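Some notes on the structure that comes next.
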Amino acid sequence: MGFTTTVPGTARIGADRELKRAVEGYWAGRVDAAELESVAAQLRRTGWQELLTTGLDSVPVNTFSYYDQMLDTAVLLGALPPRVSGIENPLDRYFAAARGAGSRASGPGHNSAEGVTPLEMTKWFDTNYHYLVPEIGPDTVFSLDASKVLSEFTEAVAQGIPARPVVIGPITFLGLSKADADGPEPLSRIDELLPLYEQLLGELSAAGAQWVQIDEPVLVTDVPTERNGRSALPELAERVYTRLGGLIDRPRILVQTYFGDAGESLAALGRTGVEGVGVDLVYGTAESVRSAELNGKLVVAGVVDGRNIWRTDLDAALAILEDLRPAVGELAVSTSCSTLHVPYTLAAETGLDENLRGWLAFASEKFAEVAALSRALTNGRVSQADVFEAARDALATRATDARLSVDSVRERLAALGESDRRRTAAATRRERQHEALGLPELPTTTIGSFPQTGDIRKARQRLRLGEIDQTAYREQMEAEIAAVIALQDEIGLDVLVHGEPERNDMVQYFAEQFDGFFATQNGWVQSYGSRCVRPPILYGDVTRPTPMTVGWITHAQSLTGKIVKGMLTGPVTILAWSFVRDDQPLATTADQVALAIRDETVDLERAGVGIIQVDEPALRELLPLRSGDRQAYLDWAVGAFRLSTSGVADETQIHTHLCYSEFGDVIGAIADLDADVTSIEAARSHMEVLDDLNAIGFSNEVGPGVYDIHSPRIPNAAEMTDLLREALSAVPAERLWVNPDCGLKTRTTEQVTAALTAMVDAAKAVRA
Ligand code: GLN
Ligand code: ZN
């Protein structure tokens, strides 16, 4: 009845980002709908065929998307926001919900001045993929539109694909949606959705689907669904799937979880009528599966890591499978989650050294691992002897590679003590810094980046292509820096920045200069919509061979009498936006990166840089999905940040920058970072964060953002004056800084000039 070999989903952007080019062409009017659809159909066909020929006997369909699977689900359930309903053409309506429409279709989270505002975006669990957040409000009247899933299913069947339609489940859909205005919690409306899912199951059954996969990754979190804060998800899962499972005319149901341990929810699902449960055995445990009593069901066992890029230890994976087999009804082999989160194929990487290549598995290689494990489970390990042997050899070279354990790094880590993560008392530092820096009250500054113009990006591209040499590149960047310094001097800011023109990306820039990292050539992963990123791979012990930023900062400093702050990315953010080695605790890896950053802070200080900012915008992103795991994470994350910033003298002022507006779970950690100055997003939430910081006794300096840089709108001085006055009611003037919410790289020079001029005016008005 079941199947043996599958994956929960795959990427859809295309191995050469074909979909990116097609949708961007459609948005620009260069590509028509028919052409876009034909690119999409071709990508689906290639993807399905690959899974089939690799040996998967059940292939997920409807995991294709023009933009985002949550947005697709909003369409499926009739939950697009009312403000797009006036747009006739369904495809344009869809893209309007994703990107806005009207006078100026804008990027994610960027409010267009007029026209339709897009849905908000946020991170998909603890991955770097961003989904669109459906808005559920009084005007939301759910209704089923199964056309996409039905047409992809029939399309696949017509190609001879053993297709298994995939949809996001009702608990996850509502659990990740947000209430419109002051409406009730979306999850409270789940009973309105169940008839729609019943109808969907009926339609899929009529179309001939044998199985349907219903994704419920929210079951690995503890989103509280009751006022008492206790997670009611297992109860909810049992209720929902007892009902759907009780339906007579339906395909077999696989409830798929991923990104962690579904814990008690597995037992809850075990008590329902669903035929299959998908579990993540890389980030979750086999114990949970064993204790859940799933002996009547098909368990889809995700033993191949779907979200990291390391080659699987096949012996270990097979051992887990063989161990589990007696405890379940049937067993299928799978990846731990959709391969959306890893690049397509190692075949596109021609610049890797052969050892490194052997340690890796991108999506295609993972499909082959799944297939090999499945055959080994059925026919015995001997049937796959060569494959297992090759994996063993590769892992042996990985375990013994000198780059993975560098003595000098290990010795340095072993010698660390608590004092390496501690500076003098903050109050003492503040006194010395005020004396050394001589800044005015309410000092004005920015977060680091200035507009990344087309010229800057072109120069980097020409350097890469060999059209210009290092010297010419450096000269052009220095000219950019000079322009940015002159602009800030003219505007009258107090603490200047060099503008970060030389950085392609705030993580990649450092990864390229550290030892222990390498960059892929074509390792693109969808970040949101048509946007892709190429995360660096952190594979070995990390060191910083030479200074990375000192030349740029001292050049900038030589051009002005004002103080220029040094600008670095913190260890937690570097880990969050890379693929990270899985052979040692993250805490150890974070400390290694922290030491490399620390070396840079010491060199900057030695070069006369008096203020150094270490950005940690991802501190909250890596927060574990289960609350019980959070403290341990925050301990090492804070420890790594402090290690990276405690090597400097009391007089050197350490800044950090965090950019999200909901702090809840991490507010205590922000204080524990013990940065001298923390700049933080605050404009949209009207300085609320200051009260939260006060509530936990935060007493260092703080720069609550006085305007939202995500919008092209120019704020005026009066509104920033108001925000500053509000801030002053929570924080005394001697602890308050004046800065925007985040870096300025996505804005134009005109916007930046106008906004910063108004910001400086506001600071002057409040000082007076
Ligand atoms: N210093 C960085 C910048 O200004 C910080 C970016 C961020 O917070 N993501 O661009
Ligand atoms: Zn930011």
Side-chain angles (χ1 to χ4, degrees), residues 107-110 121-123 128 130 444-453 456-457 480-481 484 487-488 493 495-511 527-528 531 533 535 548-549 552-553 556 564-578 597 600-601 604 609 611-622 641 644-645 654-663 666 670 673 675 677-685 689 702-711 737 739-749 751-752 755-756 759:
H110 302 194
M121 263 194 340
T122 196
K123 296 250 170 176
N128 277 328
H130 305 68
T444 52
T445 191
T446 61
I447 305 305
S449 58
F450 268 66
Q452 277 266 338
T453 61
I456 296 175
R457 281 195 297 266
E480 274 300 329
I481 290 171
V484 163
L487 177 63
Q488 295 171 87
L493 288 150
V495 172
L496 311 195
V497 297
H498 78 297
E500 306 178 20
E502 79 288 7
R503 302 187 188 175
N504 38 13
D505 171 274
M506 65 185 287
V507 168
Q508 202 180 330
Y509 177 76
F510 292 99
S527 170
Y528 61 84
R531 194 182 145 80
V533 294
M548 306 176 286
T549 64
W552 301 115
I553 306 298
V564 177
K565 60 180 168 179
M567 199 59 60
L568 303 172
T569 302
V572 181
T573 300
I574 289 178
L575 259 55
W577 297 347
S578 304
I597 299 290
E600 187 74 8
T601 64
L604 282 167
V609 179
I611 301 183
I612 302 169
Q613 179 169 313
V614 179
D615 291 328
E616 284 291 21
L619 179 69
R620 204 184 105 133
E621 266 171 49
L622 283 190
F641 178 86
S644 73
T645 52
I654 295 290
H655 291 211
T656 192
H657 166 69
L658 309 164
C659 53
Y660 31 82
S661 50
E662 283 155 32
F663 304 93
V666 295
I670 293 173
L673 296 176
V677 181
T678 301
S679 67
I680 195 158
E681 181 177 327
R684 273 185 290 186
S685 60
V689 56
V702 60
V706 293
Y707 81 89
D708 174 14
I709 58 89
H710 294 105
S711 165
W737 284 66
N739 48 255
D741 262 347
C742 193
L744 304 168
K745 64 168 163 267
T746 56
R747 300 269 63 92
T748 66
T749 304
Q751 289 164 351
V752 162
L756 292 180
M759 186 184 87

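In this chain, numbering begins with 1 at the start of the sequence shown. Order of listing sets the numbers, starting from 1, for every ligand and every atom in it. Not measured: the values here are computed from a predicted model.
Minimum heavy-atom separation, Ile553 to Lys565: CD1-O, 4.1 Å. The two residues Thr549 and Met567 come nearest to each other via the heavy atoms CG2-O, 4.1 Å. The nearest pair of heavy atoms linking Met548 to Tyr509 is O-OH, 2.9 Å.
Between Val564 and Val497, the closest side-chain pair of non-hydrogen atoms is not below 4.5 Å. When side chains are defined from C-beta on, Phe450 counts as touching Leu487, because their heavy atoms get closer than 4.5 Å. The shortest distance between side-chain heavy atoms of Ile654 and Val677 does not fall below 4.5 Å. Inter-residue side-chain proximity for Ile670 and Thr678 is flagged as met; some heavy-atom pair is nearer than 4.5 Å. When side chains are defined from C-beta on, Ser527 does not count as touching Asn128, because their heavy atoms never get closer than 4.5 Å.
For Glu500, a nitrogen or oxygen atom sits less than 3.5 Å from a nitrogen or oxygen atom of ligand 1, counting backbone and side chain alike. Here's the thing with Met567: none of its N/O atoms is less than 3.5 angstrom from an N/O atom of ligand 1.
Residues Glu616 and Thr573 have side chains that bring a donor and an acceptor to within less than 3.5 angstrom of each other. For the 3.5 Å distance criterion, the side chains of Gln613 and Thr656 fail to qualify, holding no donor opposite an acceptor. Side chains of Glu621 and Trp577: a donor-acceptor N/O pair is present below 3.5 angstrom, by distance only.
Which parts of ligand 1 touch Lys745 is read off a 4.0 Å heavy-atom cut-off, strictly below it: atoms 10 (O). Near His657, meaning under 4.0 Å from one of its heavy atoms, ligand 1 places the atoms 8 (O). Residue Gly448 approaches ligand 1 through these ligand atoms, each under 4.0 Å from one of its heavy atoms: 4 (O). Shown in contact with Ile447 at under 4.0 Å from a heavy atom are these atoms of ligand 1, numbered in order with element: 1 (N), 4 (O).
Nearest protein heavy-atom neighbour of atom 5 (C) of ligand 1: Asp615 OD2, 3.3 Å. For atom 4 (O) of ligand 1, the closest heavy atom belonging to the protein is Ser449 N, 2.9 Å.
Of the candidates Gly743, Cys742, Ala618, the one placing a heavy atom closest to atom 7 (C) of ligand 1 is Cys742. Relative to atom 9 (N) of ligand 1, the option among Arg503, Met506, His655, Glu681 with the closest non-hydrogen atom is Met506.
Residue-and-atom listing of protein N/O/S atoms under 2.8 Å from the Zn ion (ligand 2), sorted by chain and number: His657 NE2, Cys659 SG, Cys742 SG.
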